[in-house]
Protein chains: 2
Amino acid sequence: MTQSSTDTDGSASHARKELIYQILRDRICAIEYPPGSKLRETDLAEEFEVSRTPIRNVLTTLEHDGLLAVKHGVGNVVSLVEPEELVEIYTVRMILAQSAGDFFASPFPEGTANQFVDYKEVFQALEPGDVVGFGRANICYYTGLISLITNSCLRDMMLKLFFQTSRMWLISLPSLDWSEVVVAVSDELDELTRLIRLEDPIGLGLAARNHIFMSRRRILAGLGISLTETRNPL
Amino acid sequence: MTQSSTDTDGSASHARKELIYQILRDRICAIEYPPGSKLRETDLAEEFEVSRTPIRNVLTTLEHDGLLAVKHGVGNVVSLVEPEELVEIYTVRMILAQSAGDFFASPFPEGTANQFVDYKEVFQALEPGDVVGFGRANICYYTGLISLITNSCLRDMMLKLFFQTSRMWLISLPSLDWSEVVVAVSDELDELTRLIRLEDPIGLGLAARNHIFMSRRRILAGLGISLTETRNPL
DNA sequence: AGTCTCAATGATGTATACAACTTGGCGCAT
DNA sequence: ATGCGCCAAGTTGTATACATCATTGAGACT
């Protein structure tokens with residue numbers, strides 16, 4: 001459902017709205033639009049060369065996904081996820097990842113392992129402090145990993161939760177040691193690559209669960225510092 | 001997120017849209033609008049005494065939730081869930097229910113057990129064959145059960161998946177033995193009531209998981225028959 | 001009789017004017 | 001100087017006219 005509607009939509013307008021949706025979602029999740037940003041409908045309408053109507057349609061969906069807060073007379077502001085809710089989301093993500101092993105395609109598609117090696121190289125090629133680049137790379141990596149799941153319901157759910165937490169993870173990044181994080185992600189990808197080569201889907205799910213656990217630790221550590229420093233993201 | 005936005009929205013328009021959303025969602029999930037039905041925007045606009053614009057807004061959300069298929073030039077038709085996808089959703093629901101025990105409010109709120117006794121009486125008072133009444137009762141029951149979960153992310157997720165499967169479950173009902181189903185649901189509620197009185201949240205989650213498993217069995221049995229008989233739900 | 005074409009119909013999609021709302025600043029009274 | 005109130009600017013929300021699309025039926029041609 002939802003974002004998996006890349007199949008025969010038929011109508012061209014659906015495809016266009018889906019495209020705009022994905023673009024805006026990725027911008028929010030890579031904090032090109034950081035939390036607190038206002039997405040002005042007229043601006044977006046001008047950029048995508050449509051009227052406000054289809055833009056508003058997309059914004060409604062983004063609000064339903066928990067990425068935006070639409071406020072009458074104020075603006076469409078990228079929302080912040082409270083630490084308490086963040087922990088809840090991470091907890092559910094861990095549950096899902098732990099159970100996802102049973103639903104990975106086995107054997108893995110040809111070239112999957114090499115794909116993950118590529119992801120790693122992208123991360124390592126990033127300029128230190130390029131948070132947006134890190135976010136985009138992270139979206140690619142996670143989307144690729146989740147696409148290996150055959151249960152479409154589980155897949156959509158994990159994607160949605162990933163997108164909800166992504167921007168908060170990126171916000172916490174500047175408070176952490178960049179090279180340390182890159183090393184951690186590289187090790188993560190090494191482990192996943194190994195498990196894929198070993199054709200161990202259950203292990204892959206468990207490893208993903210552990211990485212989410214570690215990620216939660218890091219993000220909370222980062223936010224614990226930054227929440228008092230940069231209270232106003234604007 | 002999503003349907004949990006009953007808190008301080010501020011704007012009255014948000015509240016109105018939320019209300020319309022819940023009404024239409026419940027109608028779909030209780031098959032007052034059975035799969036294949038067309039929801040004409042002008043009709044709904046007239047009923048709720050607004051223009052098509054806010055109605056379309058709600059319909060977009062319902063489509064995103066996987067309840068509607070909006071087709072340009074055709075109509076907004078209540079979608080059917082393919083058996084394959086249905087199994088996937090039920091599988092995820094079982095995973096979530098099984099893990100939900102850790103997140104039930106403990107101790108349970110005062111009067112929770114009596115509430116479940118009431119649910120049981122509602123089911124038993126239904127006239128045989130009143131599928132819509134069964135659907136509405138089921139929505140109440142399940143909403144009440146899930147509201148005991150403290151993890152809001154998990155709660156929203158389970159609710160969403162429940163709403164996705166509800167109409168298919170009701171469609172399969174006429175192919176099953178009514179009194180047998182009522183007895184099964186009554187036993188279900190008895191067991192949940194007992195576990196609530198025992199203050200056993202973990203057991204409650206596991207029992208819910210088992211009931212979802214049984215429900216999946218019944219619904220597939222029902223659809224196995226009705227899928228060939230009532231192919232055109234219109 | 002059968003089939004193809006096309007126009008009429010009715011639905012959703014889009015654009016735009018206007019209404020409702022929030023916020024900030026300016027001015028006035030205290 | 002300060003606090004209060006009101007107005008203006010800017011934003012989202014709504015209503016409506018029109019565009020676009022899919023279906024269906026009649027009619028003409030074969």
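Throughout, protein chains are lettered first and strands after them, A, B, ... in sequence-line order, and every chain is numbered starting at 1. These numbers come from a predicted model, not from an experiment.
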Practice task
Please state how far atom CG in B/L59 lies from atom C1' in C/dT14, giving the value in whole angstrom units.
Solution key: 16 Å
Completion exercise
Taking for A/T53 and for A/V74 the nucleotide of DNA chain C with the nearest heavy atom, the one nearer the 5' end belongs to A/T53
Handout entry: Atom pair CG (B/N76) and CG (B/L67), whose distance is rounded to the nearest 0.5 Å
Key = 12.5 Å
Practice task
May I ask you to check whether over 12 heavy atoms, not counting those of A/E47, lie within 6.0 Å of atom CD?
Solution key: yes
Exercise for the section: Check every strand shown and say whether A/L39 touches a base, only sugar-phosphate, or nothing at a heavy-atom separation below 4.0 Å. Expected result: sugar-phosphate
Handout entry: Whole-Å gap separating P (C/dG13) and CZ (A/R56)
Key = 16 Å
Problem - side-chain hydrogen bond (donor to acceptor under 3.5 Å, both in side chains) between B/S99 and B/R209, intermediate numbers included - result: CA-CA 9 Å; B/S99 311; B/R209 180 266 175 207; over 6 Å; no
Handout entry: Integer-rounded Å distance: C/dT23 P and A/H72 NE2
Key = 12 Å
Exercise for the section: Verify the contact: side-chain N or O of A/R52 to OP1 or OP2 of C/dA17, cut-off strictly under 4.0 Å; return yes or no. Expected result: no
Handout entry: Between P of C/dA11 and CG of B/L68, the distance in whole Å
Key = 16 Å
Problem - Closest to the A/P54 side chain, choosing from D/dT12, C/dT14, C/dT12 - result: C/dT14
Practice task
Nearest whole angstrom, please: distance from the P of C/dA20 to the NZ of B/K17.
Solution key: 16 Å
Practice task
Let me know the distance between CG of A/D43 and C1' of D/dT12, rounded to the nearest Å.
Solution key: 13 Å
Practice task
Please state whether the phosphate of C/dA11, meaning OP1 or OP2, lies under 4.0 angstrom from any side-chain nitrogen or oxygen of B/N76.
Solution key: no
Practice task
Kindly compute the distance separating CG (A/L154) from CZ (A/F104), expressed to the nearest 0.5 Å.
Solution key: 8.5 Å
Exercise for the section: Could you list the residues that satisfy side chain to side chain contact (heavy atoms under 4.5 Å, CB included) with A/L19, not counting sequence neighbours? Expected result: A/I23
Practice task
Answer yes or no: does a side-chain N or O of B/R40 lie under 4.0 Å from OP1 or OP2 of C/dT12?
Solution key: no
Completion exercise
In whole angstroms, the gap separating C1' of D/dT12 from NE2 of B/H14 amounts to 10 Å
Problem - Residue B/E41, side-chain atoms from C-beta onward, closest of D/dT12, C/dT14, C/dT12 - result: C/dT12
Practice task
Could you check whether B/N57 gets within reach of a base, just the sugar-phosphate, or nothing at all, counting any heavy atom under 4.0 Å?
Solution key: nothing
Problem - Euclidean distance, atom NZ of residue A/K71 to atom C1' of D/dT11 [Å, nearest integer] - result: 13 Å
